[in-house]
Amino acid sequence: MSAVPLRNNKASATAVRGISVLGATGSIGDSTMDLLRASPERYRVESLTANTNVAGLAKLAKEFNARFAAVADASLLGELRSALAGTGIACGAGESAIIEAAERPADWLMAAVSGAAGLKPALAAVDRGTTIALANKECLVCAGDFFMQRAAKAGACILPADSEHNALFQALGSGNREELTRVIITASGGPFRTWAAADIEQATLAQALKHPNWSMGQKITIDSASMMNKGLEVIEASYLFALSPDEIDVLVHPQSIVHGMVEFTDRSVMAQLGSPDMRTPIAHCLGWPDRIVGPAAKLDLAKIGQLTFEAPDYDRFPGLKLAYDALRTGDGATTVYNAANEIAVAAFIAQKIRFGAIARLVEATMNAFVRGGNLAPLSSADDALAVDYNARKIAATLLPQIALKAS
Ligand code: NAD
Ligand code: MG
């Protein structure tokens, strides 16, 4: 049984629902809280979490009268306690508190921690067999098939919150698995879509953070500029919907209006469109199996005028090709791809490597990992986390030589 539900599983619910948001202070967290704010009578907030932003977390916890608030940095417990003093809101700090937040009884949980750090908390929610809106693609890429198998076993319902995957989820209902020939996820192309390779190589942090269409957290914005984000999303689509790499295409679409398409055997292609606003896919997940009112701008195609499409350029954006390689290699290679990318992005932010070196570090780490004979099927979260740990170590070791090497 798949953990991503089928449309014909539809069964409407009207009761007040318990909601938890992991990564409440981030960009996806912000969009989610915005939707909850619009209909306070429908939702009761159970848990909210943040990494280090105590003030932001406490503000949200008070506004929504959350039952529990947790901050990942254990040293911030005292600060969080005093910020919540007199409110009756329980709180905790450290990794175990984030896991407790995921374990507490909620009918719907948004998994929006950034990076592989979101894996353990997401699995804690999976094991409760609850409904999870999954924004945190890195945890899926890190844990591979294992994550979805565990979700299916626990009876958890995984709703794709990433805009492209949410689009596929909506379009997939038009046919069955045997009738599907391929899916297409779109990519804006990011700020360097038209740049020459030599200019991309030298791009600065400020340039990488200027996304043309979407307002997002720092890490995913850099991933969009390198198209590593699309690579992560190809892998995410493969695991979410049990698709082979050959069944997943990427199409560059600078306007970010068509988010994803599904092609069926009769050559019908079903697409989902909308303004580039994450509150739309999140609203779809929050309303599921019904539809709720979304706050995004109404799509005005006449005003937009033209929707254009182009093939991705794997030479200027090698990170995208590496994602297909990792997927074909299997056995933890996607975990390595993600871990190396997280190290590379952190190094780029710290100005230790050039922008062009991000993909080079990922490639070198993948090669070293395969050469070392380290690949093996992942059968537990610990397996995935061990590969993640080793890959980070290899990437950190390779970093100085990659930093020195020009393209
Ligand atoms: P963000 O950086 O804005 O927010 C991340 C959230 O996670 C924050 O609340 C932060 O406090 C928390 N966090 C970070 N590190 C943590 C750690 N080690 N332990 C516990 N909590 C931690 O990121 P975002 O843009 O909201 O993205 C969140 C996830 O959603 C990412 O996986 C991203 O790829 C995915 N996503 C984001 C968007 C978007 O539009 N922002 C779209 C699709 C998918
Ligand atoms: Mg996306």
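Everything numeric in this text was worked out from a predicted model, so none of it was measured.
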May I ask you to say whether [X] pairs ionically with [Y], meaning some side-chain N is under 4.0 Å from a carboxylate O?
{"X": "Lys59", "Y": "Glu63", "answer": "no"}
{"X": "Glu103", "Y": "Arg128", "answer": "no"}
{"X": "Arg316", "Y": "Asp313", "answer": "yes"}
{"X": "Asp34", "Y": "Arg37", "answer": "yes"}
{"X": "Glu201", "Y": "Arg354", "answer": "yes"}
{"X": "Asp127", "Y": "Lys153", "answer": "no"}
{"X": "Arg44", "Y": "Glu46", "answer": "yes"}

Does the side chain of [X] reach to within under 4.5 Å of the side chain of [Y], using non-hydrogen atoms?
{"X": "Leu180", "Y": "Leu243", "result": "yes"}
{"X": "Lys62", "Y": "Leu84", "result": "yes"}
{"X": "Asn166", "Y": "Cys285", "result": "yes"}
{"X": "Lys137", "Y": "Asn229", "result": "yes"}
{"X": "Asp162", "Y": "Leu240", "result": "no"}

About how many Å separate [atom2] of [Y] and [atom1] of [X], when rounded to the nearest 0.5 Å?
{"X": "Phe355", "Y": "Phe192", "atom1": "CZ", "atom2": "CZ", "value": "5.0 Å"}
{"X": "Cys142", "Y": "Leu232", "atom1": "SG", "atom2": "CG", "value": "11.0 Å"}
{"X": "Asp277", "Y": "Ser31", "atom1": "CG", "atom2": "OG", "value": "6.5 Å"}
{"X": "Lys298", "Y": "Lys303", "atom1": "NZ", "atom2": "NZ", "value": "13.0 Å"}
{"X": "Leu123", "Y": "Arg150", "atom1": "CG", "atom2": "CZ", "value": "4.5 Å"}

[X] side-chain N/O to [Y] backbone N/O, donor-acceptor pair under 3.5 Å:
{"X": "His253", "Y": "Glu310", "answer": "no"}
{"X": "Ser39", "Y": "Glu41", "answer": "no"}
{"X": "Arg392", "Y": "Glu342", "answer": "no"}
{"X": "Ser82", "Y": "Gly78", "answer": "yes"}
{"X": "Thr329", "Y": "Asp325", "answer": "yes"}
{"X": "Arg177", "Y": "Ala242", "answer": "yes"}
{"X": "Glu247", "Y": "Ser244", "answer": "yes"}
{"X": "Tyr314", "Y": "Leu322", "answer": "no"}
{"X": "Asp107", "Y": "Gly18", "answer": "yes"}
{"X": "His259", "Y": "Ile257", "answer": "yes"}

Taking atom types as modelled and ignoring hydrogens, do the side chains of [X] and [Y] form a donor-acceptor contact shorter than 3.5 angstrom?
{"X": "Ser268", "Y": "Asp266", "answer": "yes"}
{"X": "Asn338", "Y": "Asp388", "answer": "no"}
{"X": "Asn136", "Y": "Glu138", "answer": "yes"}
{"X": "His165", "Y": "Glu233", "answer": "no"}
{"X": "Thr186", "Y": "Glu164", "answer": "no"}
{"X": "Asp382", "Y": "Ser380", "answer": "no"}
{"X": "Gln207", "Y": "Thr204", "answer": "yes"}

### Task
Verify the neighbour count for atom CZ of Phe309: are there more than 12 heavy atoms of other residues, nucleotides or ligands below 6.0 Å?
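Yes, enclosed.
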### Query
So with a 6.0 Å cut-off around NZ of Lys219, is the heavy-atom count from everything else above 12?
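Yes, enclosed.
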### Query
Under 6.0 Å between the ring centres of Phe169 and Trp288?
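Distance test on ring centres: under 6.0 Å, yes.
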### Query
Any chance the rings of Phe147 and Tyr239 have centres within less than 6.0 Å?
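Judged by ring-centre distance (under 6.0 Å), Phe147 and Tyr239 do not meet the cut-off.
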Check [X] against [Y] and note the closest heavy-atom contact, atom names and distance.
{"X": "Ile402", "Y": "Ala364", "value": "CD1-CB, 3.9 Å"}
{"X": "Gly92", "Y": "Leu80", "value": "O-CD2, 3.6 Å"}
{"X": "Leu77", "Y": "Ala93", "value": "CB-CB, 3.6 Å"}

### Query
Can Asp73 and Ser75 be said to form a side-chain hydrogen bond (donor to acceptor under 3.5 Å, both in side chains), step by step?
CA-CA 6 Å; Asp73 184 335; Ser75 71; 2.7 Å; yes
### Query
Among all residues two or more places apart in sequence or in another chain, which pass the side-chain contact (heavy atoms from CB on, under 4.5 Å) test with Thr265?
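Listed in chain order: Glu179, Thr181.
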### Query
Who are the side-chain contact (heavy atoms from CB on, under 4.5 Å) partners of Ser256, not counting sequence neighbours?
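Result, side-chain contact (heavy atoms from CB on, under 4.5 Å) vs Ser256: Ser188, Asn213, Trp214, Pro276.
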